[in-house]
Number of protein chains: 2
Amino acid sequence: MSVPVPPWQQRAARSRAPKQPLSLELIVRTALDLLDAEGLDAVSMRKVAQRLGTGAASLYAHVRNKDELHELMLDLVFGEIEVPRPDPRRWQDQIKAVIRRQVEVLARHPGIAQVVLRTPAPTGPNALGITEAMLAILRSAGLPDRAVAFGVDILALYGTAAALERSAGFGLDEAELGDRMRQVGEYLTQLPAERFPTIVAMLPALMSGDADERFEFGLDLIVRGLAEHASERSG
Amino acid sequence: MSVPVPPWQQRAARSRAPKQPLSLELIVRTALDLLDAEGLDAVSMRKVAQRLGTGAASLYAHVRNKDELHELMLDLVFGEIEVPRPDPRRWQDQIKAVIRRQVEVLARHPGIAQVVLRTPAPTGPNALGITEAMLAILRSAGLPDRAVAFGVDILALYGTAAALERSAGFGLDEAELGDRMRQVGEYLTQLPAERFPTIVAMLPALMSGDADERFEFGLDLIVRGLAEHASERSG
DNA sequence: ACCTGAACACCGTTCAAGT
DNA sequence: ACCTGAACACCGTTCAAGT
């Protein structure tokens, strides 16, 4: 037989945080929401705690420190990358698709790529899953072990750097970004041709192509290079 | 006719900062000393000011904000990269040497590579000089303009990411770094083979090779890929 | 024009105290 | 075991005041 709570004892419902009990999962999910809304620099212990209606100190019962929280967030993000079953005939397309997806996913959570570069080697379950899949794809292609191991390393590094570059302009709106681009272009146009002859001569090429085209160019370069390692062995 | 300063008016000589007047150059040089000693995260306005025997507010007369200070530091660092005069017959060696040098120099100033990745496009005089040189080398090879422009982009990105990775372990001494490596290796050995068959099967290859070998493998991959673009044109 | 101290609005992390 | 408020030692940046 329970009795209703008298109104003067009812807490005002917090619109943001309907007081669930704290848990690691809830903390990481909340931190990820904050990341998506405001970028990695805004993901502070204090702001995450605030979103949960508590103080920063409370988080330390579930997480060793801020770096660990960032790494847990990263592995959750890696979970958004789905990977194919290796098909040796399509290995080039498959590895490209995984890297493209990696860039997309990392760039969608602005700044998280920084965490990849800070961490010696991501060892969360999802990160390991991606690594496993990438290794399997390159191995199915018949590449030498060294080319498989180093290739995955390089492709992941390239994808991470590309993602980081892509989220660099986070916070600026479309118009501001356009302004920035135009300003850089204008600045380059005014460069003295005596001192920077090649830059000036190549301005059209330098300004051509969007981030995506440039990324694809490099991805193709690396994958084709790896393919040569395969043919060297079989040839 | 000047008279000696009486002892009770003499300021105690600060061992660290022999009170030179503040200037942009002095600020940036001091910040760079701090960077080398303690890494980028330690380069705060307050700590730089402290080394100069003043308060953080004083720096704002010479520098718009911390980001600008970081970018000025970066361009000074780029100044340490010397570049060759293009020799078409040796373009592959030349471009490789420049990128290697870039990694070395960036890694020597721990964390500065982060600034490259944050900045849309480095536009300091020294950064432009390096870009000019890299473009000239690839152009002397007879590559199509697009391959020159995109190639420089990708090589610089690759070098920057490699440098960042290399300075990740800054602050840890040799022994701690070795421990870390051994721990990761041990962890991977204990992975369940059913779930991560390829990782487990490839453990020797995954643990083989130091940072340098891996870097060279990727550098070679990219440069050879670019070389193919050259032969496509002439062939 | 350049420099300064104080103030404001933030940080990460620890710790003693509570349940 | 989990949560808390207060405290400590930091941040970047602004501003009124000084020279």
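Values in this document were obtained by computation on a predicted structure and should not be read as measured data.
Contacts of residues 30-41 of chain B with DNA chain D (heavy atom under 4.0 Å): none. Less than 4.0 Å separates DNA chain D from at least one heavy atom of each of the following residues of residues 60-77 of chain B: B/Tyr60, B/Asn65, B/Lys66.
Closest approach to the B/Ser44 side chain among D/dC11, C/dG5, C/dC3 is made by D/dC11 (side chain taken as heavy atoms from C-beta onward). Residue B/Ser58 places its side chain closer to C/dC3 than to any other of C/dC3, D/dC15, C/dT13.
As rounded to whole Å, 10 Å separates atom C1' of D/dA7 from atom CZ of A/Arg46. Taking atom CE of residue A/Met45 and atom P of nucleotide D/dC3, one finds them 13 Å apart after rounding to whole Å. Across the protein-nucleic acid pair, A/Gln50 atom CD and C/dC10 atom P stand 9 Å apart, rounded to whole Å. Here D/dC2 presents its C1' atom at 12 Å from CG of A/Leu59, a figure rounded to the nearest Å. The distance from atom CG of B/Leu24 to atom P of C/dC2 is 11 Å, rounded to the nearest whole Å. Per the geometry, CG belonging to A/Leu52 stands 10 Å off P belonging to D/dT4, to the nearest Å.
For the ring-ring contact (aromatic ring centres under 6.0 Å, His included) test, no residue two or more places apart in sequence or in another chain qualifies with A/Phe78. A search for side chain to side chain donor-acceptor pair (under 3.5 Å) contacts involving A/Asp41 returns nothing, not counting sequence neighbours. Every residue two or more places apart in sequence or in another chain was checked for a side chain to side chain donor-acceptor pair (under 3.5 Å) with B/Arg195, and none qualifies. Listed by chain and number, the residues in a ring-ring contact (aromatic ring centres under 6.0 Å, His included) with A/Phe196 amount to none (sequence neighbours excluded).
Taking 4.0 Å as the cut-off between side-chain N and carboxylate O, B/Arg118 and B/Glu71 do not count as a salt-bridged pair.
Judged by distance alone, the side chain of A/Ser58 and the main-chain N or O of A/Thr54 form no donor-acceptor pair under 3.5 Å. Within the 3.5 Å criterion, the main-chain N or O of A/Ile99 finds no donor-acceptor partner in the side chain of A/Tyr158. The backbone N or O of A/Leu26 sits less than 3.5 Å from a side-chain atom of A/Ser23, completing a donor-acceptor pair.
Of the nucleotides present, D/dA1 is the one that pairs with C/dT19 by Watson-Crick or G-U wobble criteria, both distances under 3.5 Å. Across all strands shown, D/dT13 forms a Watson-Crick or G-U wobble pair with C/dA7, both key distances being under 3.5 Å.
Proximity of A/Thr54 to the phosphate of D/dT4: a side-chain N or O atom is located under 4.0 Å from OP1 or OP2.
Rounded to whole Å, the separation between the C1' atoms of C/dC8 and D/dC10 comes to 15 Å.
Side-chain atoms of A/Gln102 and A/Thr160 include a donor-acceptor pair closer than 3.5 Å.
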